Amino acid sequence: IATGLSREAVFETLREAGESLLRGEECVIMALPPDGAITNVRAVVAGAADPGIEDYLQAIALEAMGKGEILIYSLEGRHEDPLQTRLAFSGVRSALCAPIMMRGRPVGCLYVAHRRVSGLFGEDERRLAGFIATLGGAALENAAGFAAAQELATSLKRRTSQLEDANRRLDYSVKELTNAYERERQIAGQLNHMAFHDSLTNLPNRVLLSEGVEHAVRRAQRSKTNL
């Protein structure tokens, strides 16, 4: 039971435990939807159960979860309880229903019944059913944690992939900007060369000569030397 990593796996092992350890002919796991109301309890795993007693199963599950205790019924008992009467008409001679709790909240029930033996379930079976249900609740909590961890891992993997894609796009953009800057720098150098050199001879032109003379004059003036 404790090794189940999903709700379905835990419920199936609970059903097997109910049949083998509690000696039931029929074992049904009644459960609530993950976010459903308690009145939405339904059979999720059934072993050799009569589909015609679904209303009875829902009624006994609701009573067990509402009281928060294990219910035991026998055909030999008094039939003043409406559920006891429905039990007699359903052909079940012995029945046990144990609520499954998770974080203090009912999430389902373990129902075990026998159609040929009356008084099958006593205090020993009550304690054993309580132990099985407690293990089931802990296993369901672990399964929920495992599912959350898997979801987180998937989310992190997806986020990591998105970040890697963003980094690749950023690297590409930086490379493109670097290439664009280098192209503009080369064009600026070519334009500067064309502005001060003759296009045919590639020799310095009059503009470059004039600027050179002006620089030389200013330098001579500052140093008070002859040009």
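Note that the coordinates shown come from a computational prediction; the quantities given were computed from them, not determined experimentally. We count residues from 1, following the sequence as given.
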Any donor-acceptor pair under 3.5 Å from [X] side chain to [Y] backbone:
{"X": "S94", "Y": "G119", "answer": "yes"}
{"X": "S161", "Y": "K157", "answer": "no"}
{"X": "E25", "Y": "R115", "answer": "yes"}

Show the nearest heavy-atom pair for residues [X] and [Y], with the distance to one decimal.
{"X": "A64", "Y": "C97", "value": "CB-SG, 3.9 Å"}
{"X": "V112", "Y": "G24", "value": "CG1-CA, 3.4 Å"}
{"X": "Y111", "Y": "A95", "value": "CE1-CB, 4.0 Å"}

Nearest-0.5 Å distance, [atom1] of residue [X] to [atom2] of residue [Y]:
{"X": "N142", "Y": "M102", "atom1": "CG", "atom2": "CE", "result": "9.0 Å"}
{"X": "L21", "Y": "E125", "atom1": "CG", "atom2": "CD", "result": "11.0 Å"}
{"X": "L96", "Y": "S74", "atom1": "CG", "atom2": "OG", "result": "11.5 Å"}
{"X": "I70", "Y": "L110", "atom1": "CD1", "atom2": "CG", "result": "8.5 Å"}
{"X": "R93", "Y": "S118", "atom1": "CZ", "atom2": "OG", "result": "3.5 Å"}
{"X": "S6", "Y": "E12", "atom1": "OG", "atom2": "CD", "result": "10.5 Å"}

**Request:** Determine, step by step, whether T178 and Y181 satisfy the side-chain contact (heavy atoms from CB on, under 4.5 Å) criterion, reporting the C-alpha distance in whole Å, the side-chain angles of both residues, the deciding distance to 0.1 Å, and the verdict.
**Result:** CA-CA 5 Å; T178 302; Y181 170 77; 5.8 Å; no

**Complete:** Taken in chain and number order and not counting sequence neighbours, the residues that satisfy side chain to side chain contact (heavy atoms under 4.5 Å, CB included) with M101 are P99, P106

**Request:** Go through the structure and list residues passing side-chain hydrogen bond (donor to acceptor under 3.5 Å, both in side chains) with R168, not counting sequence neighbours.
**Result:**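 Once residues adjacent in sequence are excluded, the partners of R168 under the side-chain hydrogen bond (donor to acceptor under 3.5 Å, both in side chains) criterion are D165.
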
List the atom pairs, donor and acceptor, that lie under 3.5 Å between side-chain atoms in residues 183-191 and the rest of the protein, sequence neighbours left out.
| from | atom 1 | to | atom 2 | distance (Å) |
| --- | --- | --- | --- | --- |
| R185 | NE | E182 | OE1 | 3.4 |
| R185 | NH2 | E182 | OE2 | 2.6 |
| Q186 | NE2 | E182 | OE2 | 3.4 |

